[in-house]
Protein chains: 2
Amino acid sequence: MHEPTTGAAGEPSPEDPRKNRPAEPKPGTAAWWLARENEPARRRRRRSLTLDAVLDTAMALLDTRGVAALTMRNIAEGLGCTQASLYRHVRNREELVTLLIDRAISVASSAPPDDADWVGKAAWSARLFRDHLLRHPGVASVLRGTERLGPNSLAGVQYSLDLFIGAGLSPRLAYAAASSLATFVIGSVHFNLGLDASDPKESRHRRLLYRSRDPAAFPLIVQHADTLAEVSGDDEFEIGLNALLTGFRALIQSPGNTRDQDAERGEACSRS
Amino acid sequence: MHEPTTGAAGEPSPEDPRKNRPAEPKPGTAAWWLARENEPARRRRRRSLTLDAVLDTAMALLDTRGVAALTMRNIAEGLGCTQASLYRHVRNREELVTLLIDRAISVASSAPPDDADWVGKAAWSARLFRDHLLRHPGVASVLRGTERLGPNSLAGVQYSLDLFIGAGLSPRLAYAAASSLATFVIGSVHFNLGLDASDPKESRHRRLLYRSRDPAAFPLIVQHADTLAEVSGDDEFEIGLNALLTGFRALIQSPGNTRDQDAERGEACSRS
DNA sequence: ACCTGAACACCGTTCAAGT
DNA sequence: ACCTGAACACCGTTCAAGT
């Protein structure tokens, strides 16, 4: 066989007529997680090299040397084995990254503030999650795209559902609210990723850039250059987080909180 | 010289003592955009091969064959030149991607709905942006990390500032609101990226996965499996968008809308 | 002044061959 | 049954040499 390495030419044969299994599912999808659980223990027969060991060194590599160093060769070197051995525990690099991501999300288990109301708890959890990602930029940089269906991700979903349903949202709205919140947290970390995190020079450069724009094309940017340049990633996050939670609270006070009535659509947007 | 290709070992020498210029700025930062404008026209002397041509074919490649095919070799092949020629117009691949991203964001120029209020206009723009990204998954998959300081990104900022300041927010809050909204839109697209976009099978697989979870660990997920599996990416987006805009409107009705009083912090979160 | 050929130092992945 | 050596088909980037 020896197929070409990267399928850049448009996925030639989605189904192999020889074999009967239907074109292995993409890592991270529900089908992939399910298939992985049903396949009993073909791999990882408590040998010297385990999947956990692979993920451990991969995680250490990601944390210490960044995403560019997360290489099959480097992982193998860290384990003292050859790169080919890794493929006995993992189908390919994407699968490894998918497993790594779910493993890196295990932070929601930290103690929630018990005396706060549900909005306070949600805000606290969101900040905790964000801080965790900011402390592990490698994880954040690899977090996109993949679904959140792994055990640790699901623990976060369970926690959020508990919180939002307890507050009075329908299961459907609670799930959407939890997803939106997670999306916002991860997105906000992504945007602060390339900036060397609160480099004092960056604010000055942004002020210079805003000031030197064409006033005809960007009047408000030029006019408020100094103010805009001072807004930090933390400020943005807090304001967006607050707005989201305010919106969720408003959702509860409108009809359709315990039943599912699709009351959330066209409620505040005045779609005309 | 012939330095190692990837600086995986921790950025050895941040400053070269020979030359006097201070360690070229990272593509996408304010310093980078500024430096790029001040360097007059050393490159691109209206030769046969122009930067625009490079970006055009890169864009076409990204759209038709995806991010995995966005390769210096493929771009060169599309242009009929050698890969080394590309480096006369672009410092490296990251710079090319940065320029490509800003170019791919030129969608805000589309007609805004004139009879809607500011919330309606913001929602409309957000949906427009999201649809644009969903139609160009390659762009979305490459969108992370880099700052939004290029001309097309700034046009979006200018538009949003106009909208939110006109609605009554302070410049500071207007900027943070615009950034939060953009973060949410991009993030929500990122999360729907790996799913083959509304594959009917995916919903079924998610239902199976939710149902088969351990009820002791994930009681709410098991209990509401069918409901959760039916929530689509569109639903999530609409609910989150609505919440954000509701939150922004609440910000206006609280004290500190025309002045900057930091009234947005600790307002609804009841941080204890 | 511009472009090229050819190389360098990497990648992910596969597979026959060893033990 | 497990692991390895060696290869394949790619990468981004550089640079002396051509014109």
| said: Among C:dT4, C:dT13, D:dT4, which nucleotide has an atom closest to any side-chain atom of B:Cys81? | reply: C:dT4
| message | Between P on C:dG5 and CD on B:Gln83, what's the gap in Å once rounded to a whole number? | response | 10 Å
| task | Let me know, please, whether A:Ala84 or A:Met72 comes out on the 5' side of the other along DNA chain C by nearest nucleotide. | result | A:Met72
| Under 4.0 Å between a side-chain N or O of A:Arg88 and OP1 or OP2 of D:dC2? | no
| task | Figure out the OH/C1' separation between A:Tyr87 and D:dC2, and round it to whole Å. | result | 18 Å
| query | Which whole-number value in Å describes the distance from B:Leu96 CG to D:dT13 P? | reply | 10 Å
| Residues that B:His136 engages under ring pair (Phe, Tyr, Trp, His ring centres under 6.0 Å), provided they are two or more places apart | B:His132
| task | Check DNA chain C for consecutive Watson-Crick or G-U pairs with both distances under 3.5 Å and list the runs of at least three as stems. | result | C:4-8 with D:12-16, C:12-16 with D:4-8
| message | Rounding to an integer number of Å, can you tell me how far A:Leu86 CG sits from C:dC15 C1'? | response | 16 Å
| said: Heavy atoms from C-beta onward define the side chain here; which of D:dT13, C:dT13, C:dT4 lies closest to that of B:Ser85? | reply: C:dT4
| said: Hydrogens and angles aside, do A:Glu24 and A:Trp32 bring a side-chain donor and acceptor to less than 3.5 Å of each other? | reply: no
| For A:Ala53, side chain to side chain contact (heavy atoms under 4.5 Å, CB included) partners two or more places apart | A:Thr50, A:Leu79
| task | Using atom CG of B:Leu79 as one end and atom P of C:dC3 as the other, report the distance to the nearest whole Å. | result | 11 Å
| Proximity to the side chain of A:Arg93 - top-ranked nucleotide from D:dT14, C:dG12, D:dC3 | C:dG12
| Non-neighbouring partners of B:Thr82 that pass side chain to side chain contact (heavy atoms under 4.5 Å, CB included), sequence neighbours left out | B:Ala84, B:Ser85
| Spacing between B:Asn92 atom CG and C:dA9 atom C1', to the nearest angstrom | 17 Å
| field | Contacts of A:Arg93 that satisfy side chain to side chain contact (heavy atoms under 4.5 Å, CB included) - sequence neighbours left out | value | A:Leu70, A:Met72, A:Val97
| request: Using the test side chain to side chain contact (heavy atoms under 4.5 Å, CB included), find all partners of B:Gln83 that sit at least two apart in sequence or belong to another chain. | output: B:Arg73, B:Ala76
| When the distance from CD of B:Glu77 to C1' of C:dT4 is rounded to whole Å, what number comes out? | 16 Å
| message | Can you measure B:Leu70 atom CG to D:dG12 atom C1' for me and round it to whole angstrom units? | response | 12 Å
| field | Close side-chain approach of A:Leu181 and A:Ser160, heavy atoms under 4.5 Å | value | no
| said: Any side-chain N or O of A:Thr71 below 4.0 angstrom from OP1/OP2 of C:dC11? | reply: yes
| query | B:Arg73 side chain: which of D:dA7, D:dG12, D:dT4 is closest? | reply | D:dG12
